[in-house]
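Input: a single structure, listed below in structure tokens.
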Amino acid sequence: MKKVLITGAAGFLGSHLCDRFIKEGHFVIGMDNFITGDKKNLQHLKSNPNFEFIEHDVTQFVKIEGELDYILHFASPASPIDYLKIPIQTLKVGSLGTHNLLGLAKAKNARILIASTSEVYGDPLVHPQTEDYYGNVNTIGPRGVYDEAKRFQESITMAYHRFHGLETRIVRIFNTYGPRMRLNDGRVIPAFMGQALRGEDLTVFGDGSQTRSFCYVDDEVEGIYRLLLSDYNKPVNIGNPHEITIRYFAEEIIKLTGTKQKVIYKKLPIDDPMQRQPDISLAKKVLNWEPKIGREEGMKKTFEYFKSLSKKQLYKSEHKDFSNYINK
Ligand code: NAD
Ligand code: UDP
């Protein structure tokens, strides 16, 4: 049994990772300050003897008693609208937070895995994106707060690896979806599904010709788990390479949900990447990993989850007016 610290545990990916590590027989300490997370995501683990929760902001010194084998640093706002709304916290959790967790890993002689992102490639000029592409990020644009925090995170992680010999892993996560995403976090899947459930038109940004490639959460978690246990210390893309346009995706959601509503078009947010598709050759080679769950199956499961939420959650409108944030 290993002792594992997972930051961002009350979030979407963090809570699924807690489940996976507990299922594998490990002891998990979840840590979160709930800035974009939800206590409900961990409710089912409350009385599990192999789970402990610490409410804490990781940009402050992180103290853990006793030994620690693994750290997975997943704390960070992840939705464009979240990180545009809380830009300074986003920069701090990627920089100061990561520094604290690397320091903790060094003190405990633990292996640490850092959640990076396809956003390190910015609006990519290389397609599909391979790990050796350096990216095309606007440092001073509104999304820069997230992209640059994550790029710094990768650099400081490699520095700890090279200078201190720390065991580090870096996963570059591409758009991942599934149950426990926040219905109103502004990301495209909860946005479209929430709109369908409320009987609103689906808002496509720009002309919808931009592309994304969506990975179901169980596949993503499997890739992350394998990467942690591997001996590969450079960044690895984990995502589903099946690429579609957002306009086509909106039509798919209309069919899946059976909504009578239509697509309407809104302004494209500044620096919204026009194309995104992971090249997963490296993950196939070093982790023997590739996604298994197709979009149709994954979207059905996700829609079932959103349908099961209460009316109160459905009509909670955290990000109704986000134009202030995305176009400044
Ligand atoms: P999420 O918003 O659901 O979860 C993030 C969690 O981190 C939340 O519970 C939040 O409260 C917590 N958090 C934020 N700042 C914190 C702080 N200072 N101290 C403690 N806790 C803090 O987002 P998610 O989709 O689960 O993303 C998790 C991680 O994966 C993030 O690092 C994100 O950048 C990365 N990622 C996710 C995706 C994706 O498609 N879901 C893609 C690329 C990268
Ligand atoms: N998007 C959209 N309508 C919405 C929300 C998002 O058309 O209501 C678009 C957004 O402009 C982007 C894509 O969907 O091109 C994916 O956006 P998301 O916020 O999920 O994450 P991103 O991949 O940009 O980080």
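Each ligand, and each atom within it, is numbered from 1 in the order the structure gives. Basis for what follows: all heavy atoms, side chains included, without hydrogens, waters or symmetry-related copies.
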Is a side-chain donor-acceptor pair under 3.5 Å present for Asn138 with Asp271? yes
Taking atom types as modelled and ignoring hydrogens, do the side chains of Thr211 and Glu243 form a donor-acceptor contact shorter than 3.5 angstrom? yes
Around [atom], find the nearest protein heavy atom and jot down its residue, atom name and distance.
| atom | answer |
| --- | --- |
| atom 40 (O) of ligand 1 | Thr176 N, 2.8 Å |
| atom 23 (O) of ligand 1 | Ala78 CB, 3.4 Å |
| atom 38 (C) of ligand 1 | Ile173 CG2, 3.7 Å |
| atom 3 (O) of ligand 1 | Phe12 N, 2.9 Å |
| atom 11 (O) of ligand 1 | Asp32 OD1, 2.6 Å |
| atom 8 (C) of ligand 1 | Thr36 OG1, 3.3 Å |
| atom 13 (N) of ligand 1 | Asn33 OD1, 3.5 Å |

Answer yes or no: does an N/O atom from [X] fall short of 3.5 Å to an N/O atom of ligand 1?
| X | value |
| --- | --- |
| Gly37 | yes |
| Asp38 | no |
| Gly11 | yes |

Answer yes or no: does atom NZ of Lys92 have more than 12 heavy-atom neighbours from other residues, nucleotides or ligands under 6.0 Å? no
Answer yes or no: does atom OH of Tyr248 have more than 12 heavy-atom neighbours from other residues, nucleotides or ligands under 6.0 Å? no
Cationic tip of Lys46 above Phe51 ring, under 6.0 Å, 45° of axis: no
Taking the six-membered ring of Tyr225 as reference, does the cationic atom of Arg20 (NZ for Lys, CZ for Arg) lie under 6.0 Å from its centre and within 45° of its axis? yes
Below 4.0 Å from ligand 1: does a non-hydrogen atom of [X] turn up there or not?
| X | answer |
| --- | --- |
| Ala10 | yes |
| Lys150 | yes |
| Arg172 | no |
| Glu220 | no |
| Thr7 | no |

Examine ligand 2 and decide if any of its atoms is less than 4.0 Å from a heavy atom belonging to [X].
| X | result |
| --- | --- |
| Phe192 | yes |
| Gly186 | yes |
| Lys267 | no |
| Lys266 | no |

If I apply the N/O under 3.5 Å rule, does [X] come out as touching ligand 2?
| X | answer |
| --- | --- |
| Val188 | yes |
| Gln210 | yes |
| Pro80 | no |
| Arg276 | yes |
| Arg187 | no |

Looking only at heavy atoms, is any part of [X] under 4.0 Å from ligand 1, and if so is it the side chain, the backbone, or both, or is it neither?
| X | answer |
| --- | --- |
| Met181 | neither |
| Phe74 | both |
| Asn175 | backbone |
| Arg182 | neither |

Subset of ligand 2 atoms that lie under 4.0 Å from at least one heavy atom of Ile246: 7 (O), 13 (C), 14 (O)
Which is it for [X] and ligand 2 at heavy atoms under 4.0 Å: side chain, backbone, both or neither?
| X | answer |
| --- | --- |
| Asn175 | side chain |
| Arg143 | side chain |
| Thr203 | both |

Is it the case that the ring center of Phe205 lies less than 6.0 angstrom away from the ring center of Phe249? no
Is any NZ, NE, NH1 or NH2 atom of the basic residue among Glu222 and Arg226 found under 4.0 Å from an Asp or Glu carboxylate oxygen of the other? yes
Salt-bridge contact Arg180-Asp19 (side-chain N to carboxylate O under 4.0 Å): yes
Of Asp82, Thr36, Asn41, Asp38, which is the lone residue that meets side chain to side chain donor-acceptor pair (under 3.5 Å) with Arg182? Asp82
Do the non-hydrogen side-chain atoms of [X] and [Y] ever get within less than 4.5 Å of each other?
| X | Y | value |
| --- | --- | --- |
| Gln261 | Glu200 | no |
| Leu256 | Phe192 | no |
| Lys262 | Leu202 | no |

What do the steps show when you test Glu304 against Lys300 for salt bridge (Lys or Arg N to Asp or Glu O under 4.0 Å), and what is the final call? CA-CA 6 Å; Glu304 287 308 312; Lys300 264 191 200 147; over 6 Å; no
Are Lys292 and Asp219 close enough, and set up right, to give a salt bridge (Lys or Arg N to Asp or Glu O under 4.0 Å), and what steps lead you there? CA-CA 7 Å; Lys292 301 236 172 321; Asp219 281 333; over 6 Å; no
Find all atoms of ligand 1 within a distance of less than 4.0 Å from any non-hydrogen atom belonging to [X], and give their numbers and elements.
| X | answer |
| --- | --- |
| Leu13 | 26 (O), 30 (O), 37 (C), 41 (N) |
| Ser116 | 44 (C) |
| Tyr146 | 33 (C), 34 (O), 36 (N), 43 (C), 44 (C) |

Do Phe74 and Ile35 belong together in a cluster built from hydrophobic side chains that touch within less than 4.5 Å? no
